[in-house]
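A note on names: the letters A, B, ... follow the listed sequences, proteins ahead of strands, and every chain is numbered from 1. For clarity, every value in this text was computed on a predicted model and none was experimentally measured.
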Amino acid sequence: MEYNFNEIEAKWQKYWADNQTFKAIDGSTLPKYYVLDMFPYPSGAGLHVGHPLGYIASDIYARYKRHQGFNVLHPQGYDSFGLPAEQYAIQTGQHPALTTEANIATYRRQLDKIGFSFDWSREVRTSNPEYYKWTQWIFIQLFDSWYNKDTDKAEDIKTLVSKFKKAGNAQVRAVADEDIAVFTAEQWKGYPKEQQESILLQYRLTYLSETEVNWCPELGTVLANDEIINGFSERGGYPVIRKKMTQWSMRISAYAQRLLDGLQNIDWPHSLKDAQTNWIGRSQGASVRFQVLLPAQAEGKTSKMSFKELEALKEKRANPTKASALLWARLKKKKAASKFRANYTLGNYQVDFVCLAKQTVVEFSGKDNQAQRKDYFEKEGFQVLYITSKDIEKNVAAVLVHIETALQFPKTAAIYKTVDASIETPEIEVFTTRPDTIFGVTFMTLAPEHDLVTKITTAAQKTAVEAYVKATSKRSERERMADVKTISGVFTGAYASHPLTGDKIPIWIGDYVLASYGTGAVMAVPCGDQRDWDFAKHFKIVIKNIFKDVDVSEGAYAEKDAVIANSDFLNDLKVNKASKLAIFELEKRGFGSGKINYRLRDAVFSRQRYWGEPFPVYYKNGLPQTIDPAHLPIVLPEVEKYLPTKDGNPPLGNATEWAWDSRNKKVVSNDKLKNKTVYPLELNTMPGWAGSSWYFNRYMDPTNEGTFVSKEAANYWREVDLYIGGSEHATGHLLYARFWQKFLFDRGHLPVEEFAKKLINQGMILGTSAFVYRIEGTNTFVSKGLLADQKVQPLHVDVSLVNSSDELDVEAFKNHPMYSDFNTAEFLLEDGTYMVGREVEKMSKSKYNVVNPDAICVEHGADALRMFEMFLGPLEQAKPWKTSGISGVSSFLKKLWKLYHTTGVFGVSEEEPTQDELKILHKTIKKVQEDIEHFSFNTSVSTFMIAVNELAAQKCCKKAILEPLLVLISPYAPHIAEELWNQLGHTSSIATASFPVFESKYLVESSKVYPISFNGKMRFTLELPLDLSKEALEKTVLAHEKTRAQLKGKTPKKVIVVPGKIVNIVG
RNA sequence: GCUCGAGUGGUGGAAUUGGUAGACACGCUGGACUUAAAAUCCAGUGGACUGUAAGGUCCGUAUGGGUUCAAGUCCCAUCUCGAGUACCA
């Protein structure tokens, strides 16, 4: 009987489909195991051999887990919304749904050929309305939620509204837009509905806002940060510019810390966790506010404390008056009750004593500006008490009673705020990771796009600043990035006041400061930051050194082991302590606070595309309203053209049926927009990552029409146990999916906070591109070996025209329709053949190095393809595809077949196996099991080869050996295993067989071949009994003639004996 | 620049806890079968030296150091390649 793999494979693929062999059972009493692949985007090019690598690995694991008795969920589906189908629609007018349908059919046919154990009854497609109904539903959930920092989770927007009603927004700690106006409960209740709505929009987890976006003019859409590579679009490679647009955003920044913390609890590759950690980019430091000086103030005086006042303050601290010292000594003792501070700065004044908790100022009466001060303190919500030196000296206790009595009635309503941001004195807020270097600030730099630029620029500098801002805005992001070395900037003419010294700090503009990070402004410390240093040097700004025993004349000193000097109260401290103290002091004076900043930005969620999920949103008086979930899905409308409209609206602007009838709850024709109850629908669609951010949950309950996943299904399947896919999704899909999972968990829709316990990145399979070399300006091609110094142009040639010895089929090349330009070309051959050049590159259509798995399946079989892909090397490593090696696994499968067909027909014996045969089997069980559990699939393929070679050498045809062997192999080569299993007389699928149990008794040895080494180098081996004692072992070895020959009469210094392992003689 | 990962025969790779480096396979060489080829089977295959032969000797895991009885594996430095990220304050 021949091993006819084509026939066998087709037979069993049909059997599995007909019998639904791999259907997962919901709520089974068996332990569950969920194995998931990243679902593919069904591109028109179909699968190449690189795609199935991860699928084969996960399939082996899924099949293995079934043999282990698990109820395995191993689904597959399609991420079927996306750009290529739409681009194709623009060119041809073919509806993307049709293109997608056709591509999916091709994918399915190709996948089926490889024999995956997918449960196809659970297939999902993100572009199906039954699926995206729930994507729209999740969007609504996000819209109806806000992030409460106090509970550290997302909550229903209703809880926010009730907080507003109760006490306004002053006490609410939320992750929300910046600069939200403070209002009281009364004010909130008095606001018109529209105003309430727009306030809520500033808190929602998905919100509409005018933001700087990455606009790609060629694609006519915005892109997320992770869709851009070096200033060009990931798809198509078109330039991307910055543009202000009103867009939907997702408040992923609310989850920055939890996304970071969650990495501790999941078994994902180290490098991937690193990528996410970098992307989130947590940095700890301080936010510092610098007061901009008015022109008059810049002349000399500052509004806050002057340098002189500061000196006076120090003086006063050092030498308190008798009365002051007396009272302070008593107040200090009361610490626990109400903490007082002495000589404290409040706004522009320095008060004698203050209790911040009780909002009480205690001052010596009789100051020159007493009335002014009182006014200010009371405006800030403090009560003011007056005392006199005389009273204190006479009876401190009485004064204390007076103070304590007053403390019992503090003004409750007022909120303590030291910031007095008036229009005349704007502030510049900066973020710094090095607050300890604050005394080294000698200038400030704003991004050219910073809001304050126009406000603070002086008349004298206006022209220069405007010219600079204009010049930088013209430069693309790309240019700005490429050109890091050129230092450019301009002085605004304005100054700020240093918060601790009162020094005048010049304010500059420079494009090395990015508008999109932090606050778009920096406090420049040239002695501690190279970019600041370069800027200062270039524009001849003072560089003040604040590091002890460090020379900064040649460059900045950025080491973390610095000791601070020349910095008042920070002198002689190291980074950590100095930072803490600097933050403490800034907080005390109301000029800043400790802050953690994240690089992670909120994700833009709108795309100006057709082929994506429509938003369940309509606009009433310009404000977005979500559609009641009961009326979902909002189905993508038909359009004439897939391009943007003439007036620049997204493609959905072409739809004629795209208005929401709020009375009849349905989508109606745009003609009806005249009606009062009909409103325009959102024209943007959702980005590609919307559908892929939750699909793994849908597989648990794919057809549920009442909910996105039922509680029962979610509680049974919980999360993905093993997720396999490419590392290119590190900062896109995998971050967004974690974000949505955490959100749905917060809102009580899911039982787990991380969606995938373990994740493995399969390495890319690289193509081996082939090149022909054309002499420049001619139609002559030179064989690779004849390339001398002549100028040639290398051209990719399709790898199907080249054999494995790198010889080009010249005739086929000339006649190939793709190369019709060259059918008259001349070829300079060597030894009668044309040799191509080879290079390993990413496998892609444009490089003509794509190898199709279908051809491999026809020629060698799916089992051979599966085994070969695993045999190529470690799963996680990138490796080049070289078809030559496939003959190895092909002949292995033939040898395997032969074991069961020694006489040409099927035949196994019922005879008892020998000890040797049992040893081979159990050694294989042990190794294969270990390998699968370590995802070391390449080594288990070798193990099978060894086992089959050894059994063939033993001429073993015993059923007791060959039957369990099939179960071991079946995850890797399921078709041949299923066929032979069937021939052994089984009527049910091998998939239901349990994995053979390893028994160590068969591997017990009585002797061991010991390596005998001399000074660590193995010289010969000796077979010795394993039960020999250490001493006996040493004696036997030393007595051996070979040992004596090695030692050449010398006495060994030392003998190391590790029983069962090694003997090492040191001489 | 920063972060992470990797360097082992002609090639893909193996060596799971520091303990016989090169498993398994490709390729190559020789042989068997055949008119011939393919397929299949057998033998050899890290390098250098040595021996008629069995065998023996030395070197060898990017480079240089170190720890250890013993290092591909651990530590330090250097070089090369790959991936991610990038004026991130």
Check your understanding: Any Lys/Arg nitrogen of E554(A) or K537(A) sitting under 4.0 Å from an Asp/Glu carboxylate oxygen of the other?
Key -> no
Check your understanding: Under 30°, 30 to 60°, or over 60°: which ring-plane class applies to Y517(A) and F431(A), parallel, tilted or perpendicular?
Key -> perpendicular
Practice item. Let me know the distance between CD1 of I946(A) and C1' of A15(B), rounded to the nearest Å. Key: 12 Å
Review point. Touch check for P874(A), heavy atoms < 4.0 angstrom, all strands: base, sugar-phosphate only, or nothing?
Key: sugar-phosphate
Practice item. Would you indicate what S1013(A) reaches in the nucleic acid, counting non-hydrogen atoms under 4.0 angstrom: base, sugar-phosphate, or nothing? Key: nothing
Exercise for review: Pick base, sugar-phosphate or nothing for R1019(A), based on heavy-atom distances below 4.0 Å to the nucleic acid.
Suggested key: sugar-phosphate
Practice item. With heavy atoms under 4.0 Å as the rule, sort N949(A) into base, sugar-phosphate or nothing. Key: sugar-phosphate
Exercise for review: Flag the pair F935(A) / Y61(A) as yes when their ring centroid distance falls below 6.0 Å, and as no otherwise.
Suggested key: yes
Revision key, fill the gap. Correct closest heavy-atom pair for G510(A) and T445(A) would be N-CG2, 3.3 Å
Review point. Does a salt bridge link E1034(A) with K1030(A), judged by any charged N lying under 4.0 Å from a carboxylate O?
Key: no
**Study point:** Separation of the C1' atoms in C76(B) and A71(B), to the nearest angstrom
**Key:** 15 Å
Point to revise | Conformer about C1'-N of G18(B) - syn within 90° of 0, anti elsewhere | key: anti
**Study point:** Distance between P atoms of C59(B) and A70(B) (Å, rounded)
**Key:** 15 Å
Review point. If each of V1063(A) and E930(A) is mapped to the nucleotide of RNA chain B with the nearest heavy atom, which maps nearer the 5' terminus, i.e. the 5' end?
Key: E930(A)
Exercise for review: Step by step, work out the ring-ring contact (aromatic ring centres under 6.0 Å, His included) result for F535(A) and F443(A).
Suggested key: CA-CA 10 Å; F535(A) 196 86; F443(A) 65 102; 5.5 Å; yes
Practice item. Check the distance between U16(B)'s C1' and E876(A)'s CD and give it to me in whole angstrom. Key: 14 Å
Practice item. Give one of base, sugar-phosphate or nothing for N938(A), where a contact means two heavy atoms less than 4.0 Å apart. Key: sugar-phosphate
**Study point:** Whole-Å gap separating P (A38(B)) and NZ (K894(A))
**Key:** 14 Å
Check your understanding: Is any side-chain N or O of S283(A) closer than 4.0 Å to OP1 or OP2 of A89(B)?
Key -> yes
Practice item. Let me know, please, whether R434(A) or K895(A) comes out on the 5' side of the other along RNA chain B by nearest nucleotide. Key: K895(A)
Review point. Any idea how F944(A) and Y972(A) line up, ring-wise: parallel (<30°), tilted (30 to 60°), or perpendicular (>60°)?
Key: perpendicular
Point to revise | Between P of C24(B) and CE of M867(A), the distance in whole Å | key: 16 Å
Revision key, fill the gap. With the side chain defined as heavy atoms from C-beta on, K1054(A) is closest, among C24(B), C69(B), U11(B), to C69(B)
**Study point:** Between G72(B) and U8(B) - C1' atom distance, rounded Å
**Key:** 7 Å
Exercise for review: Go through the side-chain N and O atoms of S769(A) and N849(A) and say whether any donor and acceptor fall under 3.5 Å apart.
Suggested key: yes
Review point. Between the side-chain atoms of N1064(A) and the base atoms of C69(B), is any donor-acceptor pair under 3.5 Å?
Key: yes
Point to revise | Nearest non-hydrogen partners of F547(A) and G528(A), listed with the distance | key: CE1-CA, 3.9 Å
Review point. Just to confirm, is there a sub-4.0 Å distance from OP1 or OP2 of A86(B) to any side-chain nitrogen or oxygen of R599(A)?
Key: yes
Practice item. Would you kindly give the CG-to-P distance between L872(A) and U11(B), to the nearest whole Å? Key: 17 Å
Exercise for review: For I1012(A) and G19(B), give me the distance from atom CD1 to atom C1', rounded to whole Å.
Suggested key: 12 Å
**Study point:** Span that lies between the C1' atom of G47(B) and that of A39(B), in whole angstrom
**Key:** 35 Å
Exercise for review: Assign T1021(A) to base, sugar-phosphate, or nothing according to its heavy-atom contacts below 4.0 angstrom with the strands shown.
Suggested key: base
Practice item. For this output row, return yes or no: ring centroids of W881(A) and F868(A) closer than 6.0 angstrom. Key: yes
Exercise for review: Considering only atom P, compute the distance from C74(B) to U16(B) and round it to an integer number of Å.
Suggested key: 11 Å
Exercise for review: Measure from CD1 on I1062(A) to C1' on U68(B) and round the result to the nearest Å.
Suggested key: 13 Å
Practice item. Find the distance L766(A):CG to C81(B):P and express it as a whole number of Å. Key: 17 Å
Review point. With a non-hydrogen cut-off below 4.0 angstrom, is T445(A) in contact with a base, only sugar-phosphate, or nothing?
Key: nothing
Practice item. Classify the nucleic acid contact of V1009(A) as base, sugar-phosphate or nothing, counting any heavy atom under 4.0 Å across all strands shown. Key: base
Tabulate atom names and distances for all N/O pairs under 3.5 angstrom spanning the protein and nucleotides 60-66 of chain B.
none

Check your understanding: Would you say Q877(A) reaches G13(B)'s phosphate, i.e. side-chain N/O to OP1/OP2 under 4.0 Å?
Key -> yes
Point to revise | Rounded distance in Å between the P positions of G56(B) and G65(B) | key: 31 Å
Point to revise | C88(B) OP1/OP2 closer than 4.0 Å to side-chain N/O of R531(A) | key: yes
Practice item. Could you tell me whether K882(A) contacts a base, only the sugar-phosphate backbone, or nothing, with contacts defined as non-hydrogen atoms closer than 4.0 Å? Key: sugar-phosphate
